[in-house]
Amino acid sequence: MRVVITGAASGIGRAVAELLAAQDEPHQMLLTDRDEEGVNAVVAAIGAGARAHVGDLSSVDCGRDIVAAAVDHMGGIDGVVSNAGIISSAPLVEQTVDQFDRVYAINTRATWLLGQAAQPYLAQSRGAFVATASMSATQPTPGLGFYSSSKAALLMLMRQCALEWGPDGIRCNTVSPGPTYTPMTQAGYDDPDRRAQRESMIPLGKLGMAEDVANAIIFLLGPQAGHISGVDILVDGGMSSNLMPATGGGTGQKASK
């Protein structure tokens, strides 16, 4: 399989690349990230079949540049993992237009640009397009208004891609992580009290790891998901089902007659 992965220098993107490389089936990969040292280290660790591409996903040329590099390296594209994302943490009243534009450019627009450029090649291979969203796309998150809304837009964008590109044989889906331990979240979750508080809200009782999300992405890329398109898979340990228990709803109450 010939796969493009953005945000591949660390976290979920790196986990996807490493898990693909560990499979018996040989894969070719174009791994792209703005962190040149980090993405080169991943390529060096994976070895043959992987190539690094350094680029800024806030650029309007990002999709064209990434796809050109991918076709040059692999001759075509079977799968795209649009995984890169950023957070701008502050209340909405304190955010700026520049912050809004950058968050949406990277979290939403870059996926459209990448998909638009890759579409002809994915149509040739009847391939798969997977984007990393977030449970914050459907759950407002304090201090993350731009992030949450940009991921909500990403969910609908990918459903639209599934509708428009399905006749070309292209499957388009998203994966939405819940609380997940990655380099982007490590500083917060290395605080034992904060980690324990967050894990207490997750029915499975633990944070997700990058590999948990990567496995869902790889499933959607592969033939086992050959008739799945336009869906979002939550990888949140059941946290999204915990709203009423978290508020104490129904606890200790008997049904009235």
Side-chain angles (χ1 to χ4, degrees), residues 2-17 29-36 38-39 42 51-74 77 79-89 95-122 127-134 136-137 144-162 164-165 170-177 182-184 210 213-214 217 220-221 232:
R2 301 163 297 178
V3 183
V4 175
I5 306 171
T6 70
S10 63
I12 294 167
R14 177 170 187 157
V16 172
M29 289 177 271
L30 184 82
L31 308 182
T32 180
D33 204 287
R34 63 182 177 179
D35 177 2
E36 182 174 5
V39 75
V42 177
R51 178 185 291 183
H53 174 82
V54 180
D56 181 2
L57 289 178
S58 67
S59 166
V60 296
D61 297 323
C62 66
R64 181 192 64 192
D65 292 346
I66 290 170
V67 168
V71 173
D72 178 69
H73 171 46
M74 303 182 295
I77 300 172
V80 173
V81 179
S82 184
N83 167 74
I86 61 169
I87 289 175
S88 179
S89 181
Q95 299 270 18
T96 68
V97 170
D98 286 345
Q99 288 171 314
F100 179 93
D101 288 346
R102 181 163 178 78
V103 169
Y104 271 76
I106 294 174
N107 291 358
T108 311
R109 187 181 71 185
T111 295
W112 164 59
L113 291 170
L114 181 56
Q116 184 184 56
Q119 195 274 345
Y121 300 98
L122 291 173
F129 186 27
V130 184
T132 304
S134 170
S136 293
L144 296 181
F146 287 174
Y147 178 80
S148 296
S149 57
S150 70
K151 292 295 187 177
L154 178 63
L155 289 185
M156 183 51 71
L157 174 68
M158 290 298 290
R159 288 180 66 188
Q160 188 73 24
C161 289
E164 295 190 13
W165 299 348
I170 303 171
R171 297 180 293 106
C172 303
N173 297 290
T174 54
V175 170
S176 284
T182 68
M184 189 166 68
V213 184
I217 291 172
L220 289 173
L221 282 176
D232 178 52

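Residue numbers count from 1 along this sequence.
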Atom pair [atom1]/[atom2] of [X] and [Y] - distance to nearest 0.5 Å:
X	Y	atom1	atom2	value
Tyr147	Ser136	OH	OG	6.0 Å
Phe146	Arg102	CZ	CZ	14.0 Å
Phe129	Leu221	CZ	CG	11.0 Å
Arg109	Leu154	CZ	CG	14.0 Å
Leu57	Ile106	CG	CD1	6.5 Å

Taking [Y]'s backbone N and O only, do any of them form a donor-acceptor pair with [X]'s side chain (distance below 3.5 Å, no angle check)?
X	Y	result
Thr6	Ser82	no
Gln95	Ser88	yes
Asn83	Thr132	no
Ser148	Gly145	no

Results of side-chain hydrogen bond (donor to acceptor under 3.5 Å, both in side chains) for [X] - residues two or more places apart only:
X	result
Thr108	none
Glu164	Gln160
Arg14	Glu18

Please list, chain by chain and in numerical order, all residues satisfying salt bridge (charged side-chain N to carboxylate O under 4.0 Å, His left out) with Asp35, sequence neighbours excluded.
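Salt bridge (charged side-chain N to carboxylate O under 4.0 Å, His left out) check on Asp35 returns nothing, list empty.
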Applying salt bridge (charged side-chain N to carboxylate O under 4.0 Å, His left out) to Arg51 and not counting sequence neighbours gives Asp72
Can you see which heavy atom on [X] is nearest to which on [Y], and at what distance?
X	Y	value
Arg171	Leu220	NH1-O, 2.7 Å
Ala118	Val80	CB-CG2, 4.0 Å
Gly79	Leu122	N-CD2, 4.0 Å
Met74	Val3	SD-N, 3.7 Å
Ala8	Asp33	N-OD2, 3.2 Å
Val103	Ser150	CG1-OG, 3.7 Å

Q. Using a distance-only test with no angle check, is there a side-chain donor-acceptor pair under 3.5 angstrom linking Tyr104 and Ser149?
A. yes
Donor-acceptor contacts under 3.5 Å from residues 60-71 side chains, at least two apart:
unit_1: Asp61; atom_1: OD1; unit_2: Arg64; atom_2: NH2; d: 3.4

- request: Check Val54, Thr32, Ile5 against Val39 for a side-chain contact (heavy atoms from CB on, under 4.5 Å) and give me the one that passes.
  value: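 Per the side-chain contact (heavy atoms from CB on, under 4.5 Å) rule, the option paired with Val39 is Val54, out of Val54, Thr32, Ile5.
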request  = Under the side-chain contact (heavy atoms from CB on, under 4.5 Å) rule, what do Ser176 and Leu155 come out as? Steps first, then yes or no, please.
outcome  = CA-CA 9 Å; Ser176 284; Leu155 289 185; 4.1 Å; yes
If you count every heavy atom of other residues, nucleotides or ligands that lies below 6.0 Å from Glu36 atom CD, does the total exceed 12? no
Q: Could you go through the side chain to side chain donor-acceptor pair (under 3.5 Å) check for Ser58 and Asp56 one step at a time?
A: CA-CA 5 Å; Ser58 67; Asp56 181 2; 2.8 Å; yes
